[in-house]
Amino acid sequence: MRNKYSLFSLVKNAFSYHENWGKAWKDPEPKKEYDAIIIGGGGHGLATAYYLAKKHDMKNIAVVEKGWIGGGNTGRNTTIIRSNYLWDASAGLYDHALKIWEGLSQELNYNVMFSQRGVMNLAHNLQDVRDLKRRTHANRLNGIDAVYLNTEEVKKFCPIINTSPNIRYPVLGGTLQRRAGTARHDAVAWGYARGSDEMGVDIIQNCEVKGIKRNGDAVEGIETTKGFIKTKKIGVVAAGHSSVIANMAGLKLPLESKPLQALVSEPVKPIIDTVVMSNAVHAYVSQSDKGELVIGAGTDDYVSYSQKGSHDIVEGTLNAILELYPIFSRMRMLRQWGGIVDICPDASPIISKTSIKGLYFNCGWGTGGFKATPGSGDLFAHTIANDEPHKLNAAFNINRFVSGDLVDEHGAAAVAH
Amino acid sequence: MFVINCPYCGEREQSEFKAGGEAHIVRPKQPTELSDDQWAEYLFMRKNIKGVQFERWVHTHGCRKWFNVVRDTSNDLIKAVYKMGEKPPTK
C-alpha cells in the first residue's frame, strides 16, 4: 500500500509536524470509458467499488459523486450498527455486514472506530414485549446473538434509564445485541475511498449525473456535468435520489424519499456507554467519542428532498428522550440536520438488476442503511460483476413488488420506520 | 416545516396535517383483470418527484377533510391547493 498507516508512519510523520501526509485518494478527471460506473460516492457506493476491484478484479471503474464523498447520508446518520432483524432474509443480509464490520479497520488499514458497545431495544407495552421476545428467538435461530432483558436488567445495563412504572411509556423490558454498536461514519467513506483508489478506482467528485443513455434495453453511458462517460454497467447507489436517477432511465421505483432528522448535544463526560433504541416512542440515543449525545428522530410523512424536517418530529423525539432520561433535561442541543431517505413499502432495501441490461440499483435502505454499508457493497459488487444476485441478496430483488414476496420488516426491525 | 392553506380552514401549521402521498393514482376499474405488473404499478410504484409534485393531504387535527396540494419537493414551497374532485391546475 502506497501510504500504509502504522505506528511507524505516525512517528515518521510526527517529525515533519504531520504536514507531509500523502493524499488518501486522487482527484482524477473522468476517462472516456469505464467497465463499470457507480453513481453515488457514499459509503455503499464506495464499498461497491472497493469490492468490485478487490473481489471481482474490475479495476477500470469509476465512482461519480455530485457533491463530495460521504457528504450525503453517510455523514448524516446516527452510526448505529446491528443485525437483530426478524426475518431470515434480513438477518442474513445484516449479519453478513456485521461480520465484515468486525474486521473492517484491519482490512482497510483505516480505523473506522467500530465499537461493539451493544444495542438495546426497549419494550414499552405488552405487544412490544411479545414482539421483542419473538425477535430474540428468531435471531438466535439465525445464529445472531440476542438476549431478552427484564426491567431490572435493563436498568442494570443502562442505569440512567428511568424505569419507573409511573411514566407514560414504562420500560417493561428490552433486547440486547452485544455484538452491535457504532462506527465512525466519515471514516467508513474515507477508508473505502482510499482502499478503492489504491486499486485504481477513479473517484470523481463534483460530477452530477444528468442523464442515462440507453441503446434499446441496454445502457450505453451517463451524461454528467463533466461530459459523457461510456460504460456497459451502471450501479446506482444514490439513496434519497434513487428515483431521480431511475426517472432518467425511464424506470419507476417503489420508493418515497422523506426527511429523516438527527441531532447532537453539547459534549459531556461519558454517561451512556451503549446504544438505546425505543421503537414505541421513537427515540434512540448513543454517545459519540467526542462526548456528544447522538439522537435519532423519525421521518416526516411527506416526500421531500430539502434535507430539512419538521420541528414537531424533533420535539416528539426529545419529549421521549426526556421521559426516558430525566438526567438529560438541562442538556443543550448543538446541531440538528436532516437527510433524505428512500423508503420501500416493506422497509427493506433493493439490491437488484433491473429490466434494463447493465443497470443495477442498490436503494431503499430507508432509515437504516449505514449498518449494512460493507455487506451492501459486497453483495452489490457481486450482483454487478456476475449479472446475478448473491444468495444473500436474492430476496431483495426489485421483482418482489410484482410477485408479492415482500421482506416485510416494517416495525419488525426493532425500530419504527 | 411549512404552512398549508387548507381549502376549508385556511392557513395552518403542517403538523396539523398528514401527507397522503402521490395524488391522482386512479384505482383500477376492473381489479379482477389486472396483471401482477399492473397491481405492482398501482400499489407500489411512485414517481417520487424531485420538483413539483401533486399530492394528497388530510387535515387530521382540523376539519379532517382530504384535499390536493401542488408542492415543490426540493424546497417544500406550496404552489397551489385544490379540493378533491377538482381539476389540477395546469401551471
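These numbers come from the heavy atoms of this one structure, side chains and all, not from hydrogens, waters or symmetry mates. Quick note on labels: first sequence line is chain A, next is B, and so on, each numbered from 1.
Neither the backbone nor the side chain of B:Glu13 has a heavy atom closer than 4.5 Å to any heavy atom of chain A. Both the backbone and the side chain of A:Val303 come within less than 4.5 Å of a heavy atom in chain B. With a 4.5 angstrom heavy-atom cutoff, B:Glu41 touches chain A only via side-chain atoms. Within the 4.5 angstrom heavy-atom criterion, only side-chain atoms of A:Asn247, from C-beta onward, approach chain B. In this structure, chain B has heavy atoms under 4.5 Å from both the backbone and the side chain of A:Leu255.
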Stepwise side chain to side chain donor-acceptor pair (under 3.5 Å) check, B:Asn48 with A:Ser243: CA-CA 6 Å; B:Asn48 197 23; A:Ser243 298; 2.7 Å; yes
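A:Lys226 NZ: more than 12 foreign heavy atoms inside a 6.0 Å radius. By the 6.0 Å contact criterion, CH2 on A:Trp68 is open, its count of non-hydrogen atoms from other residues, nucleotides or ligands being 12 or less.
B:Met45 and A:Lys252 get closest at one heavy-atom pair: SD-O, 3.6 Å. In this structure, B:Arg46 and A:Glu256 approach most closely via the heavy-atom pair CG-CG, 4.2 Å. For the residue pair B:Ala40 and A:Phe401, the shortest heavy atom distance occurs at CB-O, 3.2 Å. Taking all atoms of both residues into account, the shortest heavy-atom contact from A:Ser310 to B:Gln14 is OG-OE1, 2.8 Å. For the pair B:Ile49 and A:Tyr305, the tightest heavy-atom approach, listed with the atom from each and the gap, is O-CE1, 3.3 Å.
Note on B:Asp76 versus A:Lys308: no salt bridge recorded, every NZ/NE/NH1/NH2 to OD/OE distance being 4.0 Å or above.
By the side chain to side chain donor-acceptor pair (under 3.5 Å) test, A:Thr48 pairs with no residue at all, sequence neighbours left out.
Here the side chains of A:Ser304 and B:Arg71 are in contact, with some heavy-atom distance below 4.5 Å. Using a 4.5 Å cut-off on side-chain heavy atoms (C-beta onward), A:Tyr302 and B:Trp57 make contact.
Rounded to the nearest 0.5 angstrom, A:Leu406 CG and B:Phe44 CZ are separated by 5.0 Å.
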